[in-house]
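Data first, discussion second: the structure below is written as structure tokens.
As the structure is a computational prediction, the values presented were derived from the model and not from experiment. What's counted below: heavy atoms across the whole structure, side chains too, no hydrogens, waters or symmetry copies.
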Amino acid sequence: MEVTAGKNYAETLQQQQIEVRRLVLDGLKQAKEGNAKDFNAVCDRLEKKYANAKI
């Protein structure tokens, strides 16, 4: 039972990390394309949103 729970936790954690990376890369792409008015504001917003997120 413990092995299964640990495996599920590891898989979930990996999926969440992939999703966060994808979101960050999407934000950087938008900034490079000029779709973000202020890159620092975008980074501040992302940091505020995810700084206290449950992992």
Pairwise side-chain contact, E19 with Q15, heavy-atom cut-off 4.5 Å (strictly under): no
query: Are L25 and V20 co-members of a hydrophobic cluster defined by side-chain heavy atoms under 4.5 Å apart?
result: yes
query: More than 12 foreign heavy atoms under 6.0 Å from CD of E33: is that the case here?
result: yes
task: Nearest 0.5 Å please: distance from the CG atom of L13 over to the CG atom of N8.
output: 12.5 Å
- prompt: Is the shortest distance from a Lys or Arg side-chain nitrogen in D44 or K48 to a carboxylate oxygen in the other one below 4.0 Å?
  reply: no
